[in-house]
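This structure is a prediction, so every number in the text was calculated from the model and none was measured.
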Amino acid sequence: MSRKVVRSSKFRHVFGQAVKADQCYDDIRISQMTWDSNFCSVNPKFVAMIVDASGGGAFMVLPLSKTGRIDMSYPTVCGHTGPVLDIEFCPHNDNIIASGSEDCSVMIWEIPEGGLTSPLTDPVVKLEGHSKRVGILSWHPTAHNVLMSAGCDNVVILWNVARGDAVVRIDTVHTDLIYSACWNRDGSKILTSCKDKTLRVLDPRKGTVLYEKEKPHEGSRPVRAVFVSDGKILSTGFSRMSERQVALWDPKNFGEALTLQELDTSSGVLLPFFDPDTGVVYLCGKGDSSIRYFEVTDEAPYVHYLSMYSSKESQKGMGYMPKRGLEVNKCEIARFYKLHERKCEPIVMTVPRKSDLFQEDLYPDTVGPEPSAEADEWFEGKEAPPNLISLKDGFVATTKAKEFKVHKSLLKTTTASAGNQHDSSGEVQSLRKEVKDLKEALEELTTRVKELESKH
């Protein structure tokens, strides 16, 4: 009688590999702030990292191709007056990034094509509404120009970025510091974890609690939580004995965990990254030197350990590339950007396959960059299921028209809310100077041609 010993899964042999040294981003002074956010955000164009800044706060945005040693004088985004605590690229426009800071403000920046040529100090929009530092940011996955921010004032605010308005303010729900806040896949629910040892699922438009779970983990250290497939929730936290745990919950039946596993006794907070296309969740501990990954399925014990990527050096933070930025022909199913003290190192997760053909089972249609609702429509109640794209021919960037529309709506805000800050940006000034020089040169040439004609 044959007994099935090993669970069959196409992700059982996924392995992680750091890229070669010349493909890393070197000599970057990563921020020393003790704050449990990712410190890094990536998309198919840029990688952004929070860096050490003397006075105020700054982050660096590099084109993905700019690997190797980064010059000390490389320009940064440095408009905040206090340290930057969290950054996140907009999922619908690769040139827009949001930053939250200890100066209590959230700023939205537009990164020029090809990266920065001079320091960027003027945001496109500045969002003010928190009374303490802002440590968590998350863009709405499918609605355009909707941003969630959570501050140390225990308040969650949903912004309409194009107008610069705080539309929803959730300020009576959390009684203590908010540890994490994230959206579900279509942005119809918010999940928060809090220092008052409660997980909450909220209705984002009303700001009301739909489900809550007290003490998902017994320990008092920070809890992180994300939505996984079928509306379930995966949380990471600590036991009473300070052992790290991972648990899976069904919010409709919050009483008992579907599974709760103990991992080890490290002290770093585990940051979970869930990939809805493969059902794999990656746990990256802050200060760890490893990434553990698990597969979340419908059969007990629901969270199945796959393997672990280990290295010598510990991670200060971690960026996670969206699916459309991966190399499909190499069977890459995830790419992390690991922050060391002085560099950023990409780590590639691969499913070993012999064939060079497109692997349809690894790459179902995934979330694309096109939003399915505008901010106003979404706040008024329009549902916004994600617009999916196929990765079969490698992802092709969206049309310019879409991007222009984004910039225009954001720029409209600028002129209304902040006087025309855009004019003062270095890039515009250098272009104006160039035009002026060209005009002068043209005048000189015209007069010279006239002189020569009159001689003949």
Cationic N near anionic O, under 4.0 Å, [X] to [Y]:
X      : Y      : value
Asp22  : Lys20  : no
Arg342 : Asp27  : yes
Asp277 : Arg324 : no
Lys382 : Glu374 : no

With side-chain contact (heavy atoms from CB on, under 4.5 Å) as the criterion, how do Cys194 and Thr192 come out once you've worked through the C-alpha distance, each side chain's angles and the decisive distance to 0.1 Å? CA-CA 7 Å; Cys194 178; Thr192 63; 5.5 Å; no
Quick one, Cys40 with Met49, criterion side-chain contact (heavy atoms from CB on, under 4.5 Å). Give me CA distance, side-chain angles, the key distance, then yes/no. CA-CA 4 Å; Cys40 178; Met49 297 151 278; 4.2 Å; yes
Any donor-acceptor pair under 3.5 Å linking the side chain of [X] with the backbone of [Y]?
X      : Y      : value
His130 : Asn154 : no
Gln359 : Arg353 : no
Ser188 : Asp186 : no
Thr208 : Asp203 : no
Trp378 : Val146 : no
Ser266 : Gly268 : no
Asn43  : Asp94  : yes
Thr366 : Lys323 : no
Asn184 : Lys189 : yes
Asn38  : Gly317 : no

Would you say [X] has more than 12 foreign heavy atoms packed within less than 6.0 Å of its [atom1]?
X      : atom1 : value
Lys197 : NZ    : yes
Asp71  : CG    : yes
Gln17  : CD    : no

Side chain to side chain, [X] and [Y], heavy atoms closer than 4.5 Å:
X      : Y      : value
Val280 : Val14  : no
Glu110 : Asn93  : no
His340 : Cys24  : no
Met148 : Ile170 : no
Phe238 : Glu243 : no
Leu339 : Cys344 : yes
Leu263 : Phe294 : yes
Ile28  : Tyr74  : no

Shortest non-hydrogen contact from [X] to [Y]?
X      : Y      : result
Tyr337 : Pro346 : CE2-CG, 3.8 Å
Leu177 : Cys152 : CD1-SG, 3.6 Å
Ile50  : Phe59  : CA-CB, 3.8 Å
Ala181 : Ser138 : O-CB, 4.2 Å
Arg335 : Gly325 : NH2-O, 3.2 Å
Ser131 : Cys104 : O-SG, 3.7 Å

Kindly list each side-chain donor-acceptor pair under 3.5 angstrom involving residues 220-227, sequence neighbours excluded, with atom names and distances?
from: Arg221; atom 1: NH1; to: Ser267; atom 2: O; distance (Å): 2.1
from: Arg224; atom 1: NH2; to: Asp36; atom 2: O; distance (Å): 2.1

Under 3.5 Å, is there a donor-acceptor pair between the Ser235 and Lys213 side chains? no
Hey, what's the ring geometry for Tyr282 with Phe336, parallel, tilted or perpendicular (30° and 60° as the breaks)? perpendicular
Which donor-acceptor pairs under 3.5 Å do the side chains of residues 78-89 make with protein atoms, sequence neighbours left out?
from: His80; atom 1: ND1; to: Asp103; atom 2: OD1; distance (Å): 3.4
from: His80; atom 1: ND1; to: Asp103; atom 2: OD2; distance (Å): 3.1
from: His80; atom 1: NE2; to: Ser99; atom 2: OG; distance (Å): 2.7
from: Thr81; atom 1: OG1; to: Asp103; atom 2: OD2; distance (Å): 3.4
from: Asp86; atom 1: OD2; to: Leu137; atom 2: N; distance (Å): 2.9
from: Glu88; atom 1: OE1; to: Trp139; atom 2: N; distance (Å): 3.0

Could you walk me through whether Thr142 and His140 pass the side-chain contact (heavy atoms from CB on, under 4.5 Å) check? CA-CA 6 Å; Thr142 57; His140 192 290; 3.1 Å; yes
Rounded at 0.5 Å granularity, tell me how far [atom1] in [X] sits from [atom2] in [Y].
X      : Y      : atom1 : atom2 : answer
Ser289 : Glu313 : OG    : CD    : 9.5 Å
Thr297 : Tyr302 : OG1   : OH    : 8.5 Å
Trp249 : Thr259 : CH2   : OG1   : 10.0 Å
Ile97  : Met107 : CD1   : CE    : 13.5 Å
Ile70  : Asp26  : CD1   : CG    : 8.0 Å
Gln32  : Glu341 : CD    : CD    : 6.0 Å

Lys10, Arg12, Arg7 screened by salt bridge (charged side-chain N to carboxylate O under 4.0 Å, His left out) with Glu295, the one that passes: Arg7
Give the intermediate values and the outcome of ring-ring contact (aromatic ring centres under 6.0 Å, His included) for residues Phe11 and Tyr293. CA-CA 10 Å; Phe11 302 112; Tyr293 37 106; 10.0 Å; no
As a test of understanding, state which of Ile157, Ile136, Leu158 forms a side-chain contact (heavy atoms from CB on, under 4.5 Å) with Ser149. Ile157
So Thr67 and Val19, side-chain contact (heavy atoms from CB on, under 4.5 Å) or not? Walk me through it. CA-CA 11 Å; Thr67 50; Val19 299; over 6 Å; no
